[in-house]
**Student:** 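The structure is given below, and queries will be raised subsequently.
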Amino acid sequence: MKVAVAGCCHGELDKLYETLELLQRRHNVRIDLLLCCGDFQAVRNEADLRCMAVSAKYRHMQTFYRYYSGEKKAPVLTIFIGGNHEASNHLQELPYGGWVAPNIYYLGYAGVVKYRGVRIGGISGIFKSHDYKKGHFECPPYNQQTVRSAYHVRNIEVFKLKQLKHPMDIFMSHDWPRSIYHYGNKKQLLKMKSFFRQEVENNTLGSPAASELLQHFQPTYWFSAHLHVKFAALMQHQTNIEGQLPKATKFLALDKCLPHRDFLQVIDIDHDPNASDSLEYDIEWLAVLKATNNLINVTSNTWNMPENNGLHAKWDYSATEGALKEILEELSHNLKIPCNFSMTAACYDPNKPQKNMEPVHIINPQTTEFCAQFGLTDINDRIQQVKEERSVRGEYEEEEEMDSTESAEEPSEYYTDNSGLSLSINPDEIMLDEEGGDEDQSTCSVDPSPDHPPDFSASFSDTRIMPDSMMVSSDDAMDSTNEDLEKSGVSEQTEERSLNERALKRIGKNENGNSAMKKIKRRNQAIYATEDEDKEVTASSRHYVDRLFDPDPQKVLQGVIVVVAVLISGYERHKAVLDAADSAARTMATTITMRRSVWLQVSEIPPEVQNTIQDFPFDCAGLFAQNTDSCLHSLKDLRDLEVFRDPHPCTSKKAF
């Protein structure tokens, strides 16, 4: 069957489906299945936009809402995983997967399904070591940290997937498996994305969790996105079983949905002609979900998964024959996934925008039905229970304070959101301050192929046909040139709201109903004491500090001298102001030195005379006068300084 694979969609469903339509019309190629490797952006309304971890300038409604409302229907069955730029509140409603719109299926935090006998698995999000061992504790409305940690991969999902024993045909992840770049044309990759070089050389680019799953599954195909570049690789696995042929995985990463970019690939995949045309459950995956149900954690506490180290009574949660038979009996041997999509939130109306719509925590009926059918815990329902229990005990505020600080981390993922993984800057990615380098984790991997293996990308047919709507527009051109690193983290509205909420937390009500300040915690007393001391800076000090930024250099020098004299007795208390004065003085000294040097060089004065002049005192005001600039420019062409010019120029220069 014909399977189309897309990289980062970024909500451009109309353009994606139009491209498939054009492919069928021009080349008579009919697509049976579309796979999207993350950053799908299933945004239904303005509240969903608030839950996307991107700055305001990247928050666009795009076209998914038309498919959600029923205005349009996906022309081909679409299966996708989550990335790091998603409407997290929407996808969180479906932790075990489900329909986000008719004919569009989300695999959940992790999931496995079957279509026409082809087994398809995937894991959503990107790897971040500081959240990897936590539970899924986030829920809307998110704060500055949870809006990002909500899409971070958790160890429980990797643990569940590793319980699967049957072969995997296709697996999807948003970020790349670590080390996969060693099995393709690495030189070409670094030529296109030179800022990956350090991470590639240090073997820190990519997800160690995905690498672990790649070694476990050894699937026929592995598809990824995230890094906004097309890259193909062929990984030959090793086998320890005598007589068994080693498996090979064909890896393909794709670009994002933009004109003239490699965002789409069509691949022929063998399937069972007798299998159902409907999307089906995978019974082994359902059995693993039931077996691991008691491992679910909905708190921010970190914990390790069971392993065979003598500390756990049980560590093998793989499906038994009895468990598989039980699942089949529960389903009456009907594995078809029910088409039970229902709208759970208001849909965006272009004629009636609601910019102040706030996100709320929703229990999706699809998840409720799924959990009831298989006896699983509804993660969102459990989160609400824990939240209510803590609120009753008065612990919710403390938990929120903890969440707001413990996720602070590296200055940047390729700054990677690279997979949250790298320290380099990807100008092709929408990034956040927090998405930064990850720590190395040991992963088992076979020896890589040589640096120059055969170009495996030739085995994938190249599809770059674009409909009229994909032609470059002014917006597209601006996007192509401004695909720089985004360092905002969250929108100004979210930040302002978060600050207001924190301020209100410190205000309570006394018995008379009047506002009263809560008792300041001991760890914060030093902060408030410092603020009081800062208010004691005299008006005279402020006056001379202002002079540090005056365009008149004479006033700057006066300000430096006076501020230093005033603050010399209170160095520690006024260290910030003193640093500003020191910085201004250094800048002024550097500027004067540079202008003196330039003046002497352009004057063509012999070196011997220059050395003498260097010792002369220069007038600061004269150096910065307007006529000085004019002189400097005119001296470039002046050739009549015979008095200072050496009639016998020296052919060699003395070393410094």
**Student:** When you check the side-chain N and O atoms of Arg44 and Ser69, is any donor under 3.5 Å from an acceptor?
**Tutor:**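 Side chains of Arg44 and Ser69: no pair found under 3.5 Å.
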
**Student:** Quick test of your reading of the model: are Lys134 and Asp131 salt-bridged, counting only N-O distances below 4.0 Å?
**Tutor:**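 Salt bridge flag = yes for Asp131 with Lys134.
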
**Student:** Determine whether the aromatic ring centres of residues Phe231 and Tyr183 are separated by less than 6.0 angstrom.
**Tutor:**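 Tyr183 vs Phe231: aromatic centres not under 6.0 Å.
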
**Student:** Are the aromatic rings of Tyr106 and Phe80 close, with centres under 6.0 Å apart?
**Tutor:**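 Yes, ring centres under 6.0 Å apart.
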
**Student:** Whether the side chain of Asp48 engages the backbone of Cys51 through a donor-acceptor N/O pair (distance < 3.5 Å, no angle test) should be reported.
**Tutor:**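 Not a single qualifying donor-acceptor pair exists.
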
**Student:** Quick one about Gln163 and Ser318 (side-chain donor to acceptor, distance below 3.5 Å, no hydrogens or angles considered), yes or no?
**Tutor:**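 No pair is found: no donor N or O on one side chain lies under 3.5 Å from an acceptor on the other.
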
**Student:** Consider only side-chain N and O atoms of Glu157 and His136, and report whether a donor and an acceptor are under 3.5 Å apart.
**Tutor:**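 A pair is found: one side chain offers a donor N or O, the other an acceptor, under 3.5 Å apart.
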
**Student:** Test Val266 against every option in Leu23, Val3, Val5 by the side chain to side chain contact (heavy atoms under 4.5 Å, CB included) rule and name the one that passes.
**Tutor:**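 Filter result, single survivor: Leu23.
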
**Student:** Sequence neighbours left out, what passes side-chain contact (heavy atoms from CB on, under 4.5 Å) with Ala319? Give chain and number order.
**Tutor:**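 Result, side-chain contact (heavy atoms from CB on, under 4.5 Å) vs Ala319: Glu284, Ala287, Leu324.
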
**Student:** Taking the six-membered ring for Trp, is the centroid-to-centroid distance between Tyr317 and Phe159 below 6.0 Å?
**Tutor:**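 Centroid separation for Tyr317 and Phe159: below 6.0 Å.
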
**Student:** Look only at the side chain of His60 and the backbone of Lys57, and say whether a donor-acceptor pair between them is shorter than 3.5 Å.
**Tutor:**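 Pair found, side chain donor or acceptor close to backbone of Lys57.
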
**Student:** Quick one: does Asn45's side chain have a donor or acceptor within less than 3.5 Å of a partner on Ala345's backbone?
**Tutor:**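 Absent.
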
**Student:** Do Arg148 side-chain atoms and Gln144 backbone N/O form a donor-acceptor pair below 3.5 Å?
**Tutor:**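 Yes, because the side chain of Arg148 sits within donor-acceptor range (under 3.5 Å) of the backbone of Gln144.
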
**Student:** Check this for me: does any side-chain nitrogen of one of Arg116 and Asp272 sit under 4.0 Å from a carboxylate oxygen of the other?
**Tutor:**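 A salt bridge is absent here (no side-chain N lies under 4.0 Å from a carboxylate O).
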
**Student:** Of Leu94, Ile363, Ile362, Val100, which is the lone residue that meets side chain to side chain contact (heavy atoms under 4.5 Å, CB included) with Thr344?
**Tutor:**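 Between Thr344 and the candidates, side chain to side chain contact (heavy atoms under 4.5 Å, CB included) is satisfied uniquely by Ile362.
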
**Student:** Are Asp32 and Arg30 within salt-bridge range, i.e. N to O under 4.0 Å?
**Tutor:**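 Salt bridge between Asp32 and Arg30, a charged N being under 4.0 Å from a carboxylate O: yes.
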
**Student:** Got a donor-acceptor contact below 3.5 angstrom from the Trp176 side chain to the Ala225 backbone?
**Tutor:**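 Flag set: sc Trp176 to bb Ala225 pair under 3.5 Å.
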
**Student:** Do the side chains of Lys72 and Asp14 get close enough for a salt bridge, i.e. N-O under 4.0 angstrom?
**Tutor:**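 So Lys72 pairs with Asp14 through a salt bridge.
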
**Student:** Going through the distances and angles, do Lys2 and Asp268 end up as a salt bridge (charged side-chain N to carboxylate O under 4.0 Å, His left out)?
**Tutor:** CA-CA 5 Å; Lys2 299 286 187 183; Asp268 282 305; 2.9 Å; yes

**Student:** Between Arg154 and Gly135 (side chain of the first, backbone of the second, donor and acceptor by atom type, cut-off under 3.5 Å), is there such a pair?
**Tutor:**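 Yes; judged by distance alone, with no hydrogens or angles, the pair exists.
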
**Student:** Taking the six-membered ring for Trp and the full ring for Phe, Tyr or His, determine whether the centres of Tyr68 and Phe341 are under 6.0 Å apart.
**Tutor:**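 Ring centres of Phe341 and Tyr68 closer than 6.0 Å.
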
**Student:** Inspect the contact between Arg261 and Glu12 and indicate whether a charged nitrogen and a carboxylate oxygen are less than 4.0 angstrom apart.
**Tutor:**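 Looking at Arg261 together with Glu12, the answer is no, because their closest N to O distance does not fall below 4.0 Å.
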
**Student:** We want to know whether Ser211 and Ser179 form a side-chain donor-acceptor pair, criterion being a heavy-atom distance below 3.5 angstrom.
**Tutor:**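 Short answer, no.
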
**Student:** Without hydrogens or angle criteria, can the side chains of Thr367 and Asn364 be said to hold a donor-acceptor pair below 3.5 Å?
**Tutor:**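 Absent: no donor and acceptor within the cut-off.
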
**Student:** Of the options Leu164, Val288, Ile283, Ile120, which is the one that meets Val112 in a side chain to side chain contact (heavy atoms under 4.5 Å, CB included)?
**Tutor:**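 The side chain to side chain contact (heavy atoms under 4.5 Å, CB included) with Val112 is passed solely by Leu164 among Leu164, Val288, Ile283, Ile120.
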
**Student:** For Ser173, does its backbone N or O pair with a side-chain atom of Ser224 as donor and acceptor, under 3.5 Å?
**Tutor:**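 Checking the backbone N and O of Ser173 against the side chain of Ser224, a donor-acceptor pair under 3.5 Å is found.
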
**Student:** Would you confirm whether His174, through its side chain, and Cys37, through its main-chain N or O, come within 3.5 Å as a donor-acceptor pair?
**Tutor:**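 Answer holds: yes.
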
**Student:** Using modelled atom types only, decide if a donor and an acceptor are shared between the side chain of Asp39 and the backbone of His85 within a distance under 3.5 Å.
**Tutor:**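 Yes; at least one donor-acceptor contact below 3.5 Å.
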
**Student:** Measure from the side-chain N and O atoms of Ser207 to the backbone N and O of Ala209, and report whether any donor-acceptor pair falls under 3.5 Å.
**Tutor:**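 Confirmed, Ser207 side chain pairs with Ala209 backbone.
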
**Student:** Do Glu212 and Lys162 sit within salt-bridge range, that is, some charged N less than 4.0 Å from a carboxylate O?
**Tutor:**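 Result for this pair is yes, salt bridge flagged.
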
